[in-house]
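The shown structure was predicted, so the numbers you read here are calculated from the model rather than taken from an experiment. All values below come from the heavy atoms of this structure, side chains included, with hydrogens, waters and symmetry mates left out.
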Amino acid sequence: MYNSSYNPQTVTVSQGTTIIWINSDPYDHTITSGTPGHPTGLFDSGDITPHGEYSYTFDSIGTYDYYCKLYLDKMTGTVIVK
Ligand SMILES: [Cu+2]
């Protein structure tokens, strides 16, 4: 996370991959499954503080949208699991 965006915004990984997000911004972000205002409840990091990180293992094939709950800052990302 940097400049209020997820970099890269979309990633494709193999089933069983663990992704680690690191907050390189000087303010908090979250990794929340779903789309802005519509969490799916699959995963939610809670507030990730500056320099903090969060990891999640994607065990099932599919396309997973996620977003940041804070400030409605329009941060969105997608993990494609094949
Ligand atoms: Cu954010």
Side-chain angles (χ1 to χ4, degrees):
M1 294 160 267
Y2 182 66
N3 270 345
S4 282
S5 63
Y6 300 113
N7 301 291
Q9 190 171 37
T10 300
V11 289
T12 301
V13 299
S14 303
Q15 193 175 8
T17 296
T18 298
I19 292 181
I20 303 170
W21 289 265
I22 298 169
N23 187 2
S24 298
D25 267 330
Y27 34 83
D28 294 3
H29 292 297
T30 77
I31 306 294
T32 305
S33 60
T35 53
H38 302 280
T40 63
L42 182 64
F43 52 84
D44 188 351
S45 64
D47 295 359
I48 306 169
T49 55
H51 308 296
E53 60 184 55
Y54 174 71
S55 63
Y56 185 82
T57 300
F58 290 85
D59 286 324
S60 300
I61 290 169
T63 298
Y64 299 89
D65 293 323
Y66 65 92
Y67 67 103
C68 176
K69 291 199 295 198
L70 301 178
Y71 327 121
L72 294 177
D73 57 10
K74 296 184 170 63
M75 285 172 69
T76 61
T78 303
V79 177
I80 299 168
V81 182
K82 293 186 173 176

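- Checking side-chain atoms of Gln9 against main-chain N and O of Thr76 turns up a donor-acceptor pair under 3.5 Å.
- Each salt bridge (Lys or Arg N to Asp or Glu O under 4.0 Å) pair with one or both residues in residues 31-48, not counting sequence neighbours, appears once here: Asp44-Lys69.
- Looking at every heavy atom in both residues, Gly41 comes nearest to Ser33 through N-OG, 3.5 Å.
- Side-chain N/O atoms of Thr49 and Asp28 include no donor and acceptor closer than 3.5 Å.
- How far CE of Met75 is from CG of Leu70: 9.0 Å, rounded to the nearest 0.5 Å.
- Considering all non-hydrogen atoms of both residues, Ser4 and His29 come closest at OG-CE1, 3.7 Å.
- Placement of Phe58 and Val11 within a single hydrophobic cluster is found when ILVMFWY residues are connected by side-chain heavy-atom separations under 4.5 Å, directly or transitively.
- Separating the CD1 atom in Ile31 from the CG atom in Asn23 is a distance of 8.5 Å, to the nearest 0.5 Å.
- When side chains are defined from C-beta on, Thr17 does not count as touching Val81, because their heavy atoms never get closer than 4.5 Å.
- Between Pro26 and Pro50, the shortest heavy-atom distance links the atoms C-CG, 3.5 Å.
- Residue Ser14 holds its OG atom at 12.5 Å from CD1 of Ile80, rounded to the nearest 0.5 Å.
- The main-chain N or O of Thr78 is never found under 3.5 Å from a side-chain atom of Asp65 such that the two would form a donor-acceptor pair.
- Between Thr32 and Pro39 the shortest heavy-atom distance is CG2-CB, 4.1 Å.
- When atom types are taken as modelled, the side chain of Tyr6 and the backbone of Trp21 share no donor-acceptor pair closer than 3.5 angstrom.
- Tyr2 and Ile19 sit in two unconnected hydrophobic clusters of ILVMFWY residues. Membership requires side-chain heavy atoms under 4.5 Å apart, directly or through other members.
- Ile48 is connected to Leu42 through a chain of hydrophobic side-chain contacts under 4.5 Å among Ile, Leu, Val, Met, Phe, Trp and Tyr, so both are in one cluster.
- The aromatic rings of Phe43 and Tyr66 lie tilted to each other, with the angle between the two planes from 30° to 60°.
- Screening residues 50-64 for side chain to side chain donor-acceptor pair (under 3.5 Å), with sequence neighbours left out, gives Thr18-Thr57.
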